[in-house]
*Asks:* 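This is the structure, below, for whatever I ask next.
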Amino acid sequence: DDYSLPINNTPVMLEIDYKSDNKFEAGMIANISINQQYKESLVTILPSGEWNKIYINITSFVNAHNALNYKVFFYSHSSSAKYLYIDNIKLVSF
């Protein structure tokens, strides 16, 4: 999904619940124009066999790119990972 986010230094957080047997990355894509995107991995998340909640501050990314809209992405480098569960993804602004 595409999200419109405030760019006036309003704090914006990405909130997720996760459980994984391998590390993975969370990042953002800024759709600058119809033909131009900027993609950046923001954090590497370490494995956890139990459900964890994490908050990722994306305020500086959003303010650095005056984009039409934004997307969230997740990426695992490991082909040997047995599971990666992501739940309750929320973009929260204050």
Side-chain angles (χ1 to χ4, degrees):
D1 290 337
D2 296 338
Y3 301 97
S4 296
L5 299 172
I7 57 168
N8 57 355
N9 286 321
T10 300
V12 182
M13 305 291 280
L14 173 62
E15 174 187 332
I16 63 168
D17 295 330
Y18 74 94
K19 182 177 175 180
S20 176
D21 72 335
N22 212 318
K23 66 182 179 179
F24 65 99
E25 294 180 26
M28 297 293 294
I29 299 169
N31 292 309
I32 308 299
S33 67
I34 294 172
N35 298 323
Q36 184 182 8
Q37 288 185 332
Y38 180 78
K39 181 177 181 179
E40 183 177 332
S41 176
L42 300 175
V43 64
T44 299
I45 301 167
L46 299 177
S48 173
E50 301 295 323
W51 281 102
N52 280 320
K53 182 179 297 287
I54 187 171
Y55 294 90
I56 304 165
N57 188 339
I58 62 170
T59 307
S60 60
F61 179 86
V62 171
N63 284 299
H65 308 283
N66 188 6
L68 300 172
N69 54 53
Y70 302 86
K71 291 183 178 185
V72 177
F73 76 88
F74 301 99
Y75 180 77
S76 175
H77 291 279
S78 175
S79 59
S80 65
K82 295 178 184 160
Y83 63 90
L84 170 56
Y85 302 113
I86 300 172
D87 198 11
N88 301 323
I89 303 167
K90 297 176 188 171
L91 287 168
V92 183
S93 64
F94 304 91

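The figures that follow rest on heavy atoms only: side chains count, while hydrogens, waters and symmetry mates do not.
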*Asks:* By the salt bridge (charged side-chain N to carboxylate O under 4.0 Å, His left out) test, which pairs, at least two apart or in different chains, include something from residues 32-42?
*Replies:*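 Sorted result for residues 32-42: empty, none.
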
*Asks:* Is Phe61 reachable from Tyr3 through a run of hydrophobic residues whose side-chain heavy atoms are each under 4.5 Å from the next?
*Replies:*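 Linked, Tyr3 and Phe61 end up in one cluster.
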
*Asks:* Linking I/L/V/M/F/W/Y whenever their side-chain heavy atoms sit closer than 4.5 Å, directly or via other members, would Leu42 and Tyr55 fall into one cluster?
*Replies:*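 Hydrophobic grouping puts Leu42 apart from Tyr55.
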
*Asks:* Between Asp21 and Pro47, which heavy-atom pair has the shortest distance, and what is it?
*Replies:*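 It is C-CB, 3.7 Å.
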
*Asks:* Report the residues that fulfil side-chain hydrogen bond (donor to acceptor under 3.5 Å, both in side chains) with Ser41, sequence neighbours left out, ordered by chain and then residue number.
*Replies:*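 Applying side-chain hydrogen bond (donor to acceptor under 3.5 Å, both in side chains) to Ser41 gives Glu25.
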
*Asks:* Mark yes or no for whether Tyr70, through its side chain, and His65, through its backbone, hold a donor-acceptor pair below 3.5 Å.
*Replies:*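 Yes.
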
*Asks:* Quick one: side-chain hydrogen bond (donor to acceptor under 3.5 Å, both in side chains) partners of Ser33, sequence neighbours excluded?
*Replies:*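 With sequence neighbours excluded, Ser33 shows a side-chain hydrogen bond (donor to acceptor under 3.5 Å, both in side chains) to no residue whatsoever.
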
*Asks:* Counting only heavy atoms not in Lys53, do more than 12 sit closer than 6.0 Å to its NZ atom?
*Replies:*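 For Lys53, atom NZ is crowded (more than 12 foreign heavy atoms under 6.0 Å).
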
*Asks:* Taking only residues two or more places apart in sequence, or in another chain, which ones meet Glu50 in a side-chain contact (heavy atoms from CB on, under 4.5 Å)?
*Replies:*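 side-chain contact (heavy atoms from CB on, under 4.5 Å) check on Glu50 returns Ser48.
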
*Asks:* Could you tell me which residues satisfy side-chain hydrogen bond (donor to acceptor under 3.5 Å, both in side chains) with Thr59, sequence neighbours excluded, listed by chain and number?
*Replies:*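 If we apply the side-chain hydrogen bond (donor to acceptor under 3.5 Å, both in side chains) test to Thr59, skipping adjacent residues, the hits are Asn57.
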
*Asks:* Tell me, please, which residues at least two apart from Ile54 pass side-chain contact (heavy atoms from CB on, under 4.5 Å).
*Replies:*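 Ile16, Tyr18, Ile45, Ile56.
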
*Asks:* Show which side-chain atoms of residues 86-94 pair as donor or acceptor with protein atoms under 3.5 Å away, not counting sequence neighbours.
*Replies:*
residue: Asn88; atom: ND2; partner: Asp17; partner atom: OD2; Å: 2.7

*Asks:* State yes or no: do Phe24 and Ile29 share one hydrophobic cluster built from I, L, V, M, F, W and Y residues joined by side-chain heavy-atom distances below 4.5 Å, directly or via other members?
*Replies:*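 No, separate clusters.
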
*Asks:* To the nearest 0.5 Å, how far apart are OH in Tyr83 and OG in Ser20?
*Replies:*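 Result: 7.0 Å between the selected atoms.
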
*Asks:* Got a sec, which residues hit side-chain contact (heavy atoms from CB on, under 4.5 Å) with Asn9, two or more places apart in sequence or on another chain?
*Replies:*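 By the side-chain contact (heavy atoms from CB on, under 4.5 Å) rule, Asn9 matches Asn63.
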
*Asks:* Could you work out, with ring-ring contact (aromatic ring centres under 6.0 Å, His included) as the rule, every residue matching Tyr75, not counting sequence neighbours?
*Replies:*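 Residues passing ring-ring contact (aromatic ring centres under 6.0 Å, His included) with Tyr75: His77.
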
*Asks:* Test of understanding: clusters of I, L, V, M, F, W, Y form through side-chain heavy atoms closer than 4.5 Å, transitively. Do Leu68 and Ile7 belong to the same one?
*Replies:*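 Not linked; separate clusters.
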
*Asks:* Side-chain contact, heavy-atom cut-off 4.5 Å: Met13 with Ile58?
*Replies:*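 The answer is no, as the side chains (C-beta and beyond) never meet within the 4.5 Å cut-off.
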
*Asks:* What residues form a side-chain hydrogen bond (donor to acceptor under 3.5 Å, both in side chains) with Asn8, not counting sequence neighbours?
*Replies:*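 Listed in chain order: Thr10.
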
*Asks:* Test side chain to side chain contact (heavy atoms under 4.5 Å, CB included) on Leu5 and Met28 and set out the steps.
*Replies:* CA-CA 12 Å; Leu5 299 172; Met28 297 293 294; 4.3 Å; yes

*Asks:* Check this for me: Lys19, atom NZ, are more than 12 non-hydrogen atoms of other residues, nucleotides or ligands nearer than 6.0 Å?
*Replies:*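 Above 12, so yes.
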
*Asks:* List in chain and number order the residues that pass side-chain contact (heavy atoms from CB on, under 4.5 Å) with Asp2, two or more places apart in sequence or in another chain; answer none if no residue qualifies.
*Replies:*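 So Asp2 forms a side-chain contact (heavy atoms from CB on, under 4.5 Å) with Asn31, Asn69, Lys71.
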
*Asks:* Nearest 0.5 angstrom please: Ile32 CD1 to Tyr38 OH, how far?
*Replies:*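 Going from CD1 on Ile32 over to OH on Tyr38, the span is 9.5 Å.
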
